[in-house]
Amino acid sequence: MTTARQIMTEGTECIGAEETVLEAAKKMTRLGVGALPICGTDNKLKGMLTDRDIVVKVLGAGKDPAACKAGELAQGEAVTIGADDDADEILRTMTEHQVRRLPVIDGHDLVGMVAQADVARALPDPKVGDLLQALSTP
């Protein structure tokens, strides 16, 4: 049984809810990623911030990324996966919530991220194909 812990990318960095969207964009650039978990001052996961969020909800809306806080873009509770959850649960969660990245939680601690690419590398082609089709369907 393949688990989230086995296929996740470790060392996931957060953007603080009180940090600006500009700081988040610079961190994404430095890390070479398209999404960052948003963490509150209590170090708890508050949501996810994607490069698309920055373009659509900040730049496209005429907001100043140097003034807009990352936490303002956190919407509801973040969709996560448990570190010991199996591959079927990862696929189900990604499909059900139409997300390409899942923060991996061990207890209350963020321990990594499972992205669509991680799934593609770790699982058999038919399952990956089903996931890609589900995430590509509007």
Side-chain angles (χ1 to χ4, degrees):
M1 169 179 80
T2 303
T3 65
R5 187 183 312 275
Q6 292 170 307
I7 66 171
M8 71 182 189
T9 300
E10 295 182 66
T12 301
E13 290 189 32
C14 287
I15 189 71
E18 295 303 313
E19 292 182 78
T20 68
V21 171
L22 180 59
E23 291 167 315
K26 289 178 180 180
K27 186 176 264 194
M28 285 181 188
T29 299
R30 180 176 53 82
L31 296 172
V33 298
L36 290 171
I38 302 169
C39 295
T41 54
D42 58 359
N43 219 26
K44 298 265 193 270
L45 189 63
K46 302 296 182 195
M48 289 290 291
L49 176 65
T50 67
D51 46 10
R52 188 176 196 298
D53 292 332
I54 293 170
V55 171
V56 173
K57 297 175 183 174
V58 179
L59 300 176
K63 295 180 182 177
D64 179 1
C68 183
K69 303 292 185 200
E72 293 173 33
L73 301 179
Q75 297 179 351
E77 192 170 322
V79 178
T80 63
I81 194 80
D84 296 317
D85 287 347
D86 67 20
D88 288 337
E89 182 65 14
I90 294 167
L91 294 170
R92 187 195 65 71
T93 302
M94 285 182 153
T95 301
E96 180 180 322
H97 295 280
Q98 292 289 292
V99 296
R100 290 178 165 85
R101 302 167 191 97
L102 285 172
V104 180
I105 305 295
D106 190 358
H108 293 289
D109 298 326
L110 177 67
V111 294
M113 186 79 66
V114 172
Q116 183 176 317
D118 298 319
V119 173
R121 281 189 294 271
L123 300 181
D125 288 342
K127 287 189 177 206
V128 173
D130 291 344
L131 175 63
L132 293 175
Q133 183 176 6
L135 294 179
S136 299
T137 306

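The first residue in the sequence is number 1, and the count goes up from there. For the numbers below, each heavy atom of this structure counts, side chains included, while hydrogens, waters and symmetry mates do not.
With a 4.5 Å cut-off on side-chain heavy atoms, Leu36 and Leu31 count as touching. Inter-residue side-chain proximity for Asp53 and Val21 is flagged as unmet; no heavy-atom pair is nearer than 4.5 Å. Using a 4.5 Å heavy-atom threshold, the side chains of Glu10 and Val111 count as separate. No side-chain heavy atom of Val33 sits less than 4.5 Å from a side-chain heavy atom of Arg101.
Expressed to the nearest 0.5 Å, how far CD1 of Ile90 lies from CG of Leu102 amounts to 7.5 Å. Here Met48 contributes atom CE and Ile15 contributes atom CD1; the two are 12.0 Å apart, rounded to the nearest 0.5 Å. With rounding to the nearest 0.5 Å, the separation of CG in Leu49 from CG in Leu73 is 5.5 Å. Within the model, atoms CE of Met113 and OG1 of Thr80 stand 10.5 Å from one another, a figure rounded to the nearest 0.5 Å.
The residues Glu23 and Lys26 are annotated as not salt-bridged, no charged nitrogen and carboxylate oxygen being separated by less than 4.0 angstrom.
Lys27 places a side-chain N or O within donor-acceptor distance of the main-chain N or O of Cys14, the cut-off being under 3.5 Å. Formation of a donor-acceptor pair under 3.5 Å by the Gln6 side chain with backbone atoms of Thr3 is found in this model. No donor-acceptor distance shorter than 3.5 angstrom exists from the side chain of Thr2 to the backbone of Ala87, with no hydrogens or angles considered.
Nearest heavy atom pair, residue Ala74 against residue Lys46, reads CB-O, 3.5 Å. Among all heavy-atom pairs drawn from Ile81 and Ala4, the shortest one is CG2-CB, 4.1 Å. Minimum interatomic distance between Leu45 and Ala78 (heavy atoms only, all atoms of both residues): CD2-CB, 3.7 Å. What you find for Ala66 and Thr20 is that their closest heavy atoms are O-CG2, 3.2 Å. The shortest heavy-atom contact between Val104 and Gly82 is CG1-C, 4.2 Å. Residues His108 and Lys44 approach most closely at CB-NZ, 4.1 Å, considering heavy atoms.
Cluster annotation: Leu22 is not connected to Ile38 through the hydrophobic network of ILVMFWY side chains, with a link wherever side-chain heavy atoms come within less than 4.5 Å. Clustering ILVMFWY residues whenever any of their side-chain heavy atoms sit less than 4.5 angstrom apart, transitively, puts Leu91 in a cluster other than the one holding Ile105. Hydrophobic clustering places Val99 together with Val119 (ILVMFWY residues linked when any side-chain heavy atoms are closer than 4.5 Å, directly or through intermediates).
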Open item on the list: Before you tell me yes or no, could you show the steps for Glu89 and Thr93 under side-chain contact (heavy atoms from CB on, under 4.5 Å), namely the whole-Å CA-CA distance, both residues' side-chain angles and the distance that decides it to 0.1 Å?
Closed with: CA-CA 6 Å; Glu89 182 65 14; Thr93 302; 3.5 Å; yes

TODO: Kindly indicate, with the supporting measurements, whether the criterion side-chain contact (heavy atoms from CB on, under 4.5 Å) is fulfilled by Val114 and Met94.
DONE: CA-CA 10 Å; Val114 172; Met94 285 182 153; 4.2 Å; yes

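Remark: of the listed residues Val55, Ile54, Val56, Val56 is the sole one forming a side-chain contact (heavy atoms from CB on, under 4.5 Å) with Arg52.
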